[in-house]
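Structure first, commentary second.
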Amino acid sequence: MEKSNIYIGEIIKNVMLEQQVTKAELARRLNVKPQSVDYMLTRKSIDTDTLYNVSRALNYDFALLYSIHKEQTNFDTSNQEYKFATAKVLVEIELKPEDIAKLNLKKRITDVLK
């Protein structure tokens with residue numbers, strides 16, 4: 001029997017990021033401690049009751065990932081093609097004042113915003 005390539009903790013983490021749901025918020029929705037959410041997000045697999053509860057909490061049917069029907073979307077399919085129209089990437093970097101001065105960022109940001 002073939003093993004699943006699904007790493008459910010990572011997929012849940014990605015859905016949380018997409019929906020902008022924090023670990024604390026998911027813990028609140030599941031009525032569990034935040035440490036339980038941390039542990040769940042490191043797992044390759046979780047029990048079906050937990051999967052059901054997380055699906056309801058995030059309004060996302062994670063059970064569909066495990067479907068064996070070919071006509072259904074499976075996120076563990078490596079050859080799947082994706083079409084992107086645009087992408088928005090947000091990066092947060094914390095710099096010390098001396099690093100900002102070295103990179104001359106104030107002037108560069110001002111120039112970009114003009």
Side-chain angles (χ1 to χ4, degrees):
M1 183 178 215
E2 186 179 318
K3 279 190 168 184
S4 166
N5 291 330
I6 299 170
Y7 197 109
I8 194 65
E10 285 297 317
I11 295 171
I12 293 170
K13 212 182 298 184
N14 290 337
V15 171
M16 288 171 63
L17 281 171
E18 188 176 290
Q19 295 183 10
Q20 298 179 342
V21 174
T22 64
K23 292 177 187 178
E25 174 60 19
L26 182 57
R28 187 192 66 72
R29 292 180 189 182
L30 295 171
N31 199 26
V32 299
K33 294 179 181 178
Q35 294 88 340
S36 297
V37 172
D38 281 332
Y39 177 72
M40 178 184 61
L41 297 178
T42 65
R43 307 290 301 154
K44 180 179 182 345
S45 63
I46 58 177
D47 67 75
T48 54
D49 286 341
T50 303
L51 187 66
Y52 174 79
N53 292 331
V54 172
S55 292
R56 289 194 49 106
L58 294 174
N59 194 29
Y60 187 97
D61 194 351
F62 291 99
L64 292 176
L65 301 172
Y66 296 94
S67 174
I68 57 173
H69 299 290
K70 293 184 188 229
E71 62 273 0
Q72 187 172 307
T73 302
N74 290 309
F75 287 90
D76 63 338
T77 305
S78 59
N79 296 335
Q80 192 168 2
E81 290 186 30
Y82 297 96
K83 295 179 182 176
F84 293 105
T86 61
K88 181 177 182 180
V89 178
L90 301 174
V91 178
E92 186 175 325
I93 302 172
E94 187 173 331
L95 297 172
K96 296 178 184 173
E98 58 269 18
D99 295 330
I100 295 170
K102 285 179 191 175
L103 295 171
N104 198 19
L105 287 182
K106 285 183 182 178
K107 182 181 180 330
R108 289 183 183 184
I109 290 171
T110 304
D111 292 345
V112 168
L113 295 175
K114 284 183 180 179

Please indicate whether [X] has more than 12 foreign heavy atoms, meaning atoms of other residues, nucleotides or ligands, lying under 6.0 Å from its [atom1].
X: Asn31; atom1: CG; answer: no
X: Asn59; atom1: CG; answer: no
X: Gln20; atom1: CD; answer: no

Is any side-chain heavy atom of [X] less than 4.5 Å from a side-chain heavy atom of [Y]?
X: Val21; Y: Arg29; value: yes
X: Ile46; Y: Ile12; value: yes
X: Thr22; Y: Met16; value: no

Check your understanding: Just checking, is any N or O donor in the side chain of Asp47 or Thr50 under 3.5 Å from an acceptor N or O on the other one?
Key ->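 Looking only at side-chain atoms, Thr50 and Asp47 do form a donor-acceptor pair, the distance falling under 3.5 Å.
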Interatomic distance, [X] atom [atom1] to [Y] atom [atom2] [nearest 0.5 angstrom]:
X: Phe62; Y: Ser55; atom1: CZ; atom2: OG; result: 5.5 Å
X: Arg56; Y: Asp61; atom1: CZ; atom2: CG; result: 11.0 Å
X: Met40; Y: Lys13; atom1: CE; atom2: NZ; result: 10.5 Å

Practice item. Check whether any side-chain N or O of Lys44 sits under 3.5 Å from a backbone N or O of Ile6 as a donor-acceptor pair, and report yes or no. Key: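 Yes, the answer is positive, given that a donor and an acceptor are paired below the 3.5 Å cut-off.
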Check your understanding: Hey, does the side chain of Gln19 reach the backbone of Leu58 with a donor-acceptor pair shorter than 3.5 angstrom?
Key ->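 The answer is yes, because a donor-acceptor pair under 3.5 Å joins these two groups.
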Check your understanding: If every non-hydrogen atom of Arg43 is compared with every non-hydrogen atom of Tyr7, which pair is closest and at what distance?
Key ->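 Closest approach of Arg43 to Tyr7: O-CE2, 3.3 Å.
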Check your understanding: What's the shortest heavy-atom distance between Ile8 and Ser45, and which atoms?
Key ->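 Where Ile8 meets Ser45 most closely, the heavy atoms are CG2-CA, 3.6 Å.
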